[in-house]
Peer 1: 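One structure, as structure tokens, below. Some questions next.
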Amino acid sequence: EYIPPTWFEELGSSLSIRAQYVLSGNLRDLFPLPGENGPNFVSFECALWHVLGARGFGALLLHDPVDGLRLHYECDPRYEEALNDCGIEIGTVASTPEALAALARAVATEDRLPIALVLDYASMLSRTPSAATEKLFVAMDKLSRAPRPERPDNGVDYPPRNPILWLVERPGDLPEWFAAGNPALRDIAIALPDLGDRFAFAQQLVLRLDGEGIHDEAELHKRTEQFAVRCEGMSLIEMRDIVDLSVAEGFPLTRIADALRSYRIGTTRNPWTSTVMRSRIKNAMDLLDKRVKGQPRALERTYDILVRSVMGLSGAQTSARGNRPRGVLFFVGPTGVGKTELAKAVTEVLFGDETAMQRFDMSEFMGQDSIGRLIGPPPGAPGHENGGELVNTVRARPFSVFLFDEIEKGHPRILDAFLQILDDGRLSDTRGETGYFSEALIIFTSNVGIIGGDRSNNMGQSIVPADTHEVLEQKLTQAVGNHFRYELKRPELMNRMGQNIVAFEFIHPTSGEVIFNAVLGRVIAAVREEHGVAITLTDGAKAQLLELCTGELGDGGRGIGNRIESNFINPLSRLLFQREGTGELTIHGVREQGRETVLECE
């Protein structure tokens, strides 16, 4: 069943009462018109003429700064002579605001010919403000409020007035005083095609593709529907371009997803399906365990989500999974327990290089205006032409891990951007450029739920080291949910996280010793590599250093590393400086002397 776009009726039903229109949005797309064998998809200009012609208009005039005034090609060419007789000359370029105002006045006050005038690229007028453009809008405002002309009484049911239609990029491109609060002027947003229109267009497009691997009509229908669903947020012209790309690359319909990926991110290469990445994933637990100590449950949970991401099954229960990020992880737990380190390890597993992680510290985005850093300043503001950091980054490196550290610190307006990323897998900046996250892994970290409101119990801590992993996981998951639902008023963001919350435990003495040994080993290896000195600690010295560095585990693994720096690296640096040329160094004691640590050695 043919269902016309909503703007058809919105425009058509108001032609009797509105003098001018501001049309914005999806103006350069295709639109469905009824046909014998299904809808015919035509340009905006043709769709506009379809609406106006059905309302009794005889001609559609279009003006832009390059081609000047022209008659829509479907109109009766005899209108050109009639227009010339009225002083409206086809081919004229209204190159000044005064000339444009005169053209609009000639059309609007013409009482014999039922015509409409489109002023294309009108956004350019307000971007170069001058006394002349101000007078133009004053003239147009007065024209919109003027009484409509008297039509000749010759028995023809003419439309009551000749409208002026402004085509702009964004609704706010015309002066606010002119576009707002004027009952004779109406804003109409031309929306992107809905699923019904995308599916109807896809049914025509897929006829151009090889049907290799398609066994029956039911499978053809399913594949076509999937294509339409995955093109959510795209225009019909973009869908046509994707099919053109498929034809050029020789992709059958079963590989339309590869063409869609190539269209969005510029390459058909897909690291997620490479044998190298799958081989690395098989050995991922070993690499993760080497870098993050004392978090076996968190590593297992992370590994499961990684495997799901590589297999392309993240969000498999949803219809829009092809657009969503490859995977989402939400790391929550005490400070210093390895959340950021695990994010780096995950990046190394996936891409062989932890620098493929794009990190955004959300403590830098606490202000209301900080959203401009992510998606770009508004039009007219300094830096608008540079776009937003987040969109630019994903456009440059779509196959990446994106880490949003301490997500709870970001301003609530920024969280709205994450809704779009998690739901649609895309984000647009203020320039209109779109970045796609469908090939990215998203990681959030948070300390939510560690400190509660009641400081009379457990020093205000909601979770304590004595909690079992099951209790800790339950407390943290509930705390995260409550934070998003009640404090941030963003329950929908929590819903998008799904079951991707990974709870980290406190560092216990056993895992603290493991972390201590790993960090100490890295320090000794670095000394050997950098200075050629072999460092040996006796069992007694190592036990003394262990006690100094792990006596207080409240700061987690980061605290252990900091204490190794102050109690071992600093005094060791002094020793190496004093004993330059030493090839071996055996430490048989570690003791505190005043506020310093002394290494006793031979």
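If you read the sequence from its start, that first residue is 1, and numbering goes on from there. Note that the structure is a prediction, hence the values are computed from the model and not measured.
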Peer 1: Looking at CE of M277 and CG of L350, how far apart are the two atoms once the value is rounded to the nearest 0.5 Å?
Peer 2: 5.0 Å
Peer 1: Excluding sequence neighbours, so at least two apart, what forms ring-ring contact (aromatic ring centres under 6.0 Å, His included) with F568?
Peer 2: none
Peer 1: Let me see the working for N500 and R308 under side-chain hydrogen bond (donor to acceptor under 3.5 Å, both in side chains), right down to the final yes or no.
Peer 2: CA-CA 11 Å; N500 298 315; R308 189 176 72 198; 2.6 Å; yes
Peer 1: Between K542 and D539, does any side-chain N to carboxylate O distance fall below 4.0 Å?
Peer 2: no
Peer 1: Should R255 and D258 count as an ion pair when the cut-off is N to O under 4.0 Å?
Peer 2: yes
Peer 1: Does a donor on one side chain sit under 3.5 Å from an acceptor on the other, for N447 and K339?
Peer 2: yes
Peer 1: Is the count of non-hydrogen atoms from other residues, nucleotides or ligands lying under 6.0 Å from R528 atom CZ greater than 12?
Peer 2: no
Peer 1: First locate atom CG of N567, then atom OG1 of T597, and finally report the distance between them rounded to the nearest 0.5 Å.
Peer 2: 3.5 Å
Peer 1: Could you label the plane-to-plane angle of the F404 and F360 rings as parallel, tilted or perpendicular, counting under 30° as parallel and over 60° as perpendicular?
Peer 2: parallel
Peer 1: Find out whether L342 and R291 are in side-chain contact, i.e. whether some heavy atom of one side chain is under 4.5 Å from a heavy atom of the other.
Peer 2: no
Peer 1: Side chains of T536 and T586 only: does a donor on one sit below 3.5 Å from an acceptor on the other?
Peer 2: no
Peer 1: Carefully, step by step, assess R297 and Q295 under the rule side-chain hydrogen bond (donor to acceptor under 3.5 Å, both in side chains).
Peer 2: CA-CA 6 Å; R297 303 288 185 88; Q295 301 293 341; over 6 Å; no
Peer 1: How many angstroms lie between OG in S309 and CG in L441, if you round to the nearest 0.5 Å?
Peer 2: 5.5 Å
Peer 1: If you count the non-hydrogen atoms of other residues, nucleotides and ligands that lie under 6.0 Å from CD in Q474, is the total more than 12?
Peer 2: no
Peer 1: Would you compute the distance between atom CG of L545 and atom CD1 of I564 and round it to the nearest 0.5 angstrom?
Peer 2: 6.5 Å
Peer 1: Quick one: do E439 and R261 make a salt bridge, cutoff under 4.0 Å?
Peer 2: yes
Peer 1: With a 3.5 Å cut-off and no angle check, do the side chains of E408 and S446 form a donor-acceptor pair?
Peer 2: yes
Peer 1: Quick one: which of H384, R170, E385 gives a side-chain hydrogen bond (donor to acceptor under 3.5 Å, both in side chains) with T430?
Peer 2: H384
Peer 1: Please report whether the ring centroid of F444 lies less than 6.0 Å from that of F331.
Peer 2: no
Peer 1: To the closest 0.5 Å, what do you measure between CG (L374) and CG (N392)?
Peer 2: 11.0 Å
Peer 1: Restricting to side chain to side chain contact (heavy atoms under 4.5 Å, CB included), what partner residues turn up for R280, sequence neighbours left out?
Peer 2: V276, L287, E348
Peer 1: Going by side-chain contact (heavy atoms from CB on, under 4.5 Å), I407 matches just one of L415, V332, V480, I443. Which one?
Peer 2: L415
Peer 1: Between the main-chain N or O of R426 and the side-chain N or O of D424, is there a donor-acceptor pair closer than 3.5 Å?
Peer 2: no
Peer 1: Check whether more than 12 heavy atoms from other residues, nucleotides or ligands sit under 6.0 Å from atom CD of E470, and answer yes or no.
Peer 2: yes
Peer 1: Could you grab the distance from atom CZ of F402 to atom CZ of F418, nearest 0.5 Å is fine?
Peer 2: 11.0 Å
Peer 1: Evaluate whether atom CD of E596 has more than 12 neighbouring non-hydrogen atoms of other residues, nucleotides or ligands under 6.0 angstrom away.
Peer 2: no
